[in-house]
Q: 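My questions will all concern the structure given below.
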Amino acid sequence: MTGFKGFLFIVCCFIPGTFVFGNGEGKIEKLPNVVIVTTGGTIAEKKDPKTGASVPALSGDTLISAVPELKKLANIKVINFMNIDSSHMAPENWRKLSATVNDILKDPKVTGVVVTHGTDTMAEGAYFLDLTLDVNKPVVFVGAMRDASDPCPDGPANLLNAVIQVCSPDALNWGVTVTMNQYINSARDVRKVSTTNVQTFESGQKGYLGTIDMGKVYRINDRLGRLTFPLSAVLPDVAIVSAYSGADGKLLRYAVDSGAKGIVVEAMGAGNVNPPVYEAVKYAIGKGVAVVIASDVYYGRVLPLYGGEGGGATLEKDGAILAGDLPPRKARILLMLALSGAGNQDGLKAFFK
Ligand code: ASP
């Protein structure tokens with residue numbers, strides 16, 4: 001047993017949740033138990049021969065049969081949770097997925113979980129689980145940018161790396177990660193940055209947590225300040241409304257009047273909106289709706305920097321919560337969970353640092 005196999009043997013001997021398993025070559029090795037929960041996305045899609053467009057196609061078992069190396073790394077169990085394009089994901093799906101993964105992780109024999117998922121909403125789904133899982137074991141979200149009928153699909157290598165990460169003693173205490181194209185991102189900070197390129201996930205100013213090179217995890221950063229919430233039975237309706245140039249605030253008012261319990265405003269720059277949107281924000285706050293100001297800008301934070309009608313400092317003074325460096329879709333998830341437990345405005349604000 002040499003090289004990469006030797007490395008795997010050493011790794012597997014020192015991680016929790018391993019048990020003795022014959023590898024089919026007459027040797028007895030300890031392998032970790034990894035559960036792969038499949039939800040769909042391009043990694044499980046193929047081109048429809050009639051339309052040429054990608055559609056859900058592969059079951060979890062077919063997905064892993066494309067990567068025979070997985071069996072040498074771990075005892076793999078597959079759970080076909082769902083098979084949808086991730087643009088169809090909704091908070092209720094996240095809630096059920098989180099409950100399922102939490103139950104799996106509670107089994108002391110399980111080392112960790114890989115969730116296969118579409119990339120369009122992977123950053124959101126991963127963050128939801130990061131905020132709601134209460135078992136501290138590795139959970140890796142993974143997908144693909146090229147579907148299974150592509151001449152050069154990225155799914156198999158990504159899946160292999162995800163399992164390598166779950167089995168690695170160098171990848172602990174990171175919470176939920178989004179791991180693709182060899183880069184390991186924290187679920188909190190990751191964003192999709194390219195519509196088609198395989199290098200689509202980045203962590204902005206925070207940087208990657210690590211990389212996976214030639215079957216080994218290299219740690220770059222620790223995960224700091226992870227929040228967790230109990231998983232509530234019902235998630236409140238929280239809308240995202242954009243404050244674009246010339247916006248008149250009517251969509252924001254509509255969200256309030258149609259029952260939203262919270263609104264995330266996708267503001268400009270360091271967290272500013274125009275006067276009509278500012279009036280609509282005050283309308284929402286007056287009706288008891290929590291308003292969070294996030295920014296559409298990729299780098300930096302929302303800050304109480306500008307005064308005047310709709311400036312970040314004025315919005316904060318009037319009771320809006322500034323989202324810090326959380327982008328709008330992540331701020332919405334945090335607000336949904338915080339609203340189900342926080343109670344009052346000060347309680348809510350404390351979560352957005
Ligand atoms: N449309 C796909 C999705 O399910 C995109 C992908 O997976 O890369 O999000």
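Just follow the structure's listing: the first ligand is 1, and inside any ligand the first atom is 1. Hydrogens, waters and symmetry mates play no part in the numbers below; they use all other heavy atoms, side chains included. Please read all numbers here as calculations on a predicted model, not as lab measurements.
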Q: In terms of atom number and element, which parts of ligand 1 are under 4.0 angstrom from non-hydrogen atoms of Gly41?
A: 4 (O), 7 (O)
Q: Please verify the inter-ring angle class for Tyr183 with Tyr208; under 30° counts as parallel, over 60° as perpendicular, anything in between as tilted.
A: parallel
Q: Looking only at distances, please establish whether an N/O atom of ligand 1 is found under 3.5 Å from an N/O atom of Glu45.
A: no
Q: Roughly how far, to the nearest 0.5 Å, is CZ of Phe201 from OG1 of Thr179?
A: 10.0 Å
Q: Just verifying a value: how many Å separate Asp189 CG and Thr177 OG1, rounded to the nearest 0.5 Å?
A: 12.0 Å
Q: For the pair Arg188 and Asp325, evaluate salt bridge (charged side-chain N to carboxylate O under 4.0 Å, His left out) and give the outcome as yes or no after the intermediate values.
A: CA-CA 10 Å; Arg188 185 195 181 279; Asp325 64 354; 2.9 Å; yes
Q: Has ligand 1 got any nitrogen or oxygen that is less than 3.5 angstrom from a nitrogen or oxygen of Thr121?
A: no
Q: Identify, by atom number and element, the atoms of ligand 1 in contact range of Gly118, meaning under 4.0 Å from any of its heavy atoms.
A: 3 (C), 4 (O), 7 (O), 9 (O)
Q: For atom 8 (O) of ligand 1, find the nearest protein heavy atom and state the residue, atom name and distance (0.1 Å precision).
A: Thr119 OG1, 2.5 Å
Q: Regarding Gln182 and Asp213, do their side chains bring together a donor and an acceptor under 3.5 Å, going by distance alone?
A: yes
Q: Counting heavy atoms only, which of Ser87, Ser86, Ala144 comes nearest to atom 3 (C) of ligand 1?
A: Ser86
Q: Kindly indicate whether a cation-pi arrangement holds for Lys349 with Phe352, taking the cut-offs as under 6.0 Å to the six-membered ring centre and within 45° of the axis.
A: no
Q: For atom 1 (N) of ligand 1, tell me which residue out of Asp85, Ile43, Thr39, Thr42 has the closest non-hydrogen atom.
A: Asp85
